[in-house]
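For reference, the structure discussed in these notes is given below.
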Amino acid sequence: MALTESDFGESLDGKFLHTPRDPGDLPDLWWDEIRTAVRGGLHVISCLHVQLLETELAGMLSEGQRIVDVRRPHDVLPKYSGRVARRRAKLIHVAGSDCVVGKRTTALQIHREALSRKIDSGYVGTGQTCLLAGCTEGAIIDRTPVFQAAGLVEHLVQQADARHDLLIIKGQASVMHPAFGGLASAILQGSQPDAVVFAHDAERASRYHWDHLPLADLETEIRTVEALGGAPVVAIATRGRDSVRRLRHLGLPVADVLDGDGAAVLLDAAEAVWSGPQGADRAGAVR
């Protein structure tokens with residue numbers, strides 16, 4: 001069984017209303033289900049902030065049975081330096097307008113497209129699902145003190161740089177998200193990208209799990225990402241052909257990475273940044 005605090009809330013009029021809870025402040029029914037799972041001999045993979053191995057559950061484990069606390073602090077927590085430039089890899093950062101807009105899917109599909117082109121590509125993970133899916137280097141950035149978060153991202157990128165020609169990294173939430181903007185900005189600035197692909201759900205008007213908060217203005221956020229990251233937003237990733245059509249007014253390549261050559265469109269746009277006029281002509285042809 002896999003758990004995260006984001007799973008807690010209630011359904012009202014067909015909408016899921018998230019109820020923020022402090023780490024470890026789980027409803028009794030969750031604790032009961034976890035204990036039942038452990039007593040039944042199941043392994044437990046937990047994405048909770050609370051460390052289950054530090055609770056009474058650890059004493060209930062049978063031989064060979066495991067609790068895996070995925071959301072653990074990284075062993076290395078350096079401060080950001082900004083002094084060490086990448087020597088080998090170009091880096092594409094996948095930012096977005098909110099949580100759950102397809103950043104991870106976009107990053108993985110661009111990574112897959114790069115590998116299909118025989119590009120030596122690596123994937124730098126920044127959250128628990130990235131680590132579960134598999135990545136070249138990775139850490140749970142939201143378990144990192146804020147003044148070390150950008151430094152940890154910088155460290156992960158440097159660790160991966162010598163092994164790959166291209167690195168893909170995804171941000172968390174949105175740089176203009178009231179709850180997670182600091183985290184998103186630390187990942188963006190710590191990664192020092194060459195190009196940014198921006199993920200957006202054209203159907204969404206309010207924030208995921210915060211329905212009372214509107215999304216930031218899209219063009220304002222794109223300009224903010226460029227200012228913070230020091231790199232251009234080169235393309236938009238979205239979901240569905242209708243959304244692709246609706247977002248073309250931005251004047252950037254727009255694609256659904258799960259539709260046809262969508263991932264190729266996004267990778268072409270990023271490669272145009274470092275491959276000169278020929279690459280730019282190729283990317284512009286798909287707008």
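Keep in mind the model is a prediction, meaning the values are calculated, not measured.
- D98 has its side chain out of reach of D201: every pair of non-hydrogen atoms, C-beta onward, lies at least 4.5 Å apart.
- Atom CZ of R112 is separated from atom OG1 of T105 by 10.0 Å, given to the nearest 0.5 angstrom.
- By the 4.0 Å N-to-carboxylate-O rule, K90 lies too far from D165 to be salt-bridged with it.
- Looking at D259 and R239, no side-chain N of the basic residue comes within less than 4.0 Å of a carboxylate O on the acidic one, giving no salt bridge.
- Placement of V50 and V38 within a single hydrophobic cluster is found when ILVMFWY residues are connected by side-chain heavy-atom separations under 4.5 Å, directly or transitively.
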**Request:** Decide yes or no on side chain to side chain contact (heavy atoms under 4.5 Å, CB included) for L267 and R117, but give the supporting numbers first.
**Result:** CA-CA 10 Å; L267 182 54; R117 299 184 187 187; 3.7 Å; yes
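- Using modelled atom types, one side-chain atom of T144 and one backbone atom of I141 make a donor-acceptor pair closer than 3.5 Å.
- The closest donor-acceptor contact from the side chain of R207 to the backbone of S97 lies under 3.5 Å.
- By the rule that hydrophobic residues join a cluster once side-chain heavy atoms approach within less than 4.5 Å of another member, V101 and F198 end up as members of separate clusters.
- By the rule that hydrophobic residues join a cluster once side-chain heavy atoms approach within less than 4.5 Å of another member, L108 and L258 end up as members of one cluster.
- Taking the side chain as every heavy atom from C-beta outward, E226 and V196 never approach each other to under 4.5 Å.
- We find the CG-CD1 distance between L132 and I45 to be 6.5 Å, quoted to the nearest 0.5 Å.
- Judged purely by atom type and a 3.5 angstrom limit, R66 has no side-chain atom pairing as donor or acceptor with the backbone of H43.
- Side-chain contact, H111 with S121: a donor N or O sits under 3.5 Å from an acceptor N or O.
- Under the side-chain hydrogen bond (donor to acceptor under 3.5 Å, both in side chains) criterion, Q51 pairs with R72, not counting sequence neighbours.
- Across I187 and K170, no two heavy atoms sit closer than the pair CG2-O, 3.8 Å.
- Going from atom CD1 of I222 over to atom NE2 of H200 covers 8.5 Å, rounded to the nearest 0.5 Å.
- With a 4.5 Å cut-off on side-chain heavy atoms, I110 and T106 count as touching.
- Taking 4.0 Å as the cut-off between side-chain N and carboxylate O, R88 and D161 do not count as a salt-bridged pair.
- The line from CD of Q128 to CG of L131 is 8.5 Å long, rounded to the nearest 0.5 Å.
- In summary, R163 and E137 engage in a salt bridge, as defined by a charged side-chain N under 4.0 Å from a carboxylate O.
- Salt-bridge check for D69 with R143: failed, with every basic side-chain N at 4.0 Å or more from each acidic carboxylate O.
- Taking hydrophobic clusters as Ile, Leu, Val, Met, Phe, Trp and Tyr residues chained together by side-chain heavy-atom distances below 4.5 Å, W274 shares a cluster with V234.
- Considering every non-hydrogen atom in both L228 and S185, the closest pair reads CD1-OG, 3.7 Å.
- Side-chain contact between P193 and L188 is present, with heavy atoms from C-beta onward closer than 4.5 Å.
- Nearest approach of T126 to G171, heavy atoms of both residues: OG1-O, 4.4 Å.
- Residues W30 and L48 are in side-chain contact: their nearest non-hydrogen atoms beyond the backbone lie under 4.5 Å apart.
- Residues L53 and I67 share a closest heavy-atom pair of CD1-O, 3.5 Å.
- More than 12 non-hydrogen atoms from other residues, nucleotides or ligands lie less than 6.0 angstrom from CZ of R35.
- In this structure, Q109 CD and L266 CG are separated by 10.0 Å, a value rounded to the nearest 0.5 Å.
- Between E154 and K79 there is no salt bridge, since none of the side-chain N atoms of the basic residue sits less than 4.0 Å from a carboxylate O of the acidic one.
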**Request:** Would you check, one step at a time, whether the test side chain to side chain donor-acceptor pair (under 3.5 Å) holds for H93 with S191?
**Result:** CA-CA 7 Å; H93 180 104; S191 68; 3.3 Å; yes
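- There is no path of hydrophobic side-chain contacts, each under 4.5 Å, that joins I92 to I169.
- For the pair P232/V273, a side-chain contact is recorded, criterion being any heavy-atom separation below 4.5 Å from C-beta on.
- Between the CE atom of M60 and the CD1 atom of I34 there is a distance of 10.0 Å, given to the nearest 0.5 Å.
- Shown here are the salt bridge (charged side-chain N to carboxylate O under 4.0 Å, His left out) partners of D194, two or more places apart in sequence or in another chain: R86.
- Taking the side chain as every heavy atom from C-beta outward, R246 and E203 approach each other to under 4.5 Å.
- A donor-acceptor contact shorter than 3.5 Å is absent between the side chain of H164 and the backbone of L166.
- Formation of a donor-acceptor pair under 3.5 Å by the S206 side chain with backbone atoms of L213 is not found in this model.
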**Item:** CA sep, side-chain torsions, deciding dist, call: Y80, Q148, side chain to side chain contact (heavy atoms under 4.5 Å, CB included)
**Value:** CA-CA 7 Å; Y80 179 78; Q148 292 170 306; over 6 Å; no
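- E219 has its side chain within reach of H249: a pair of non-hydrogen atoms, C-beta onward, lies under 4.5 Å apart.
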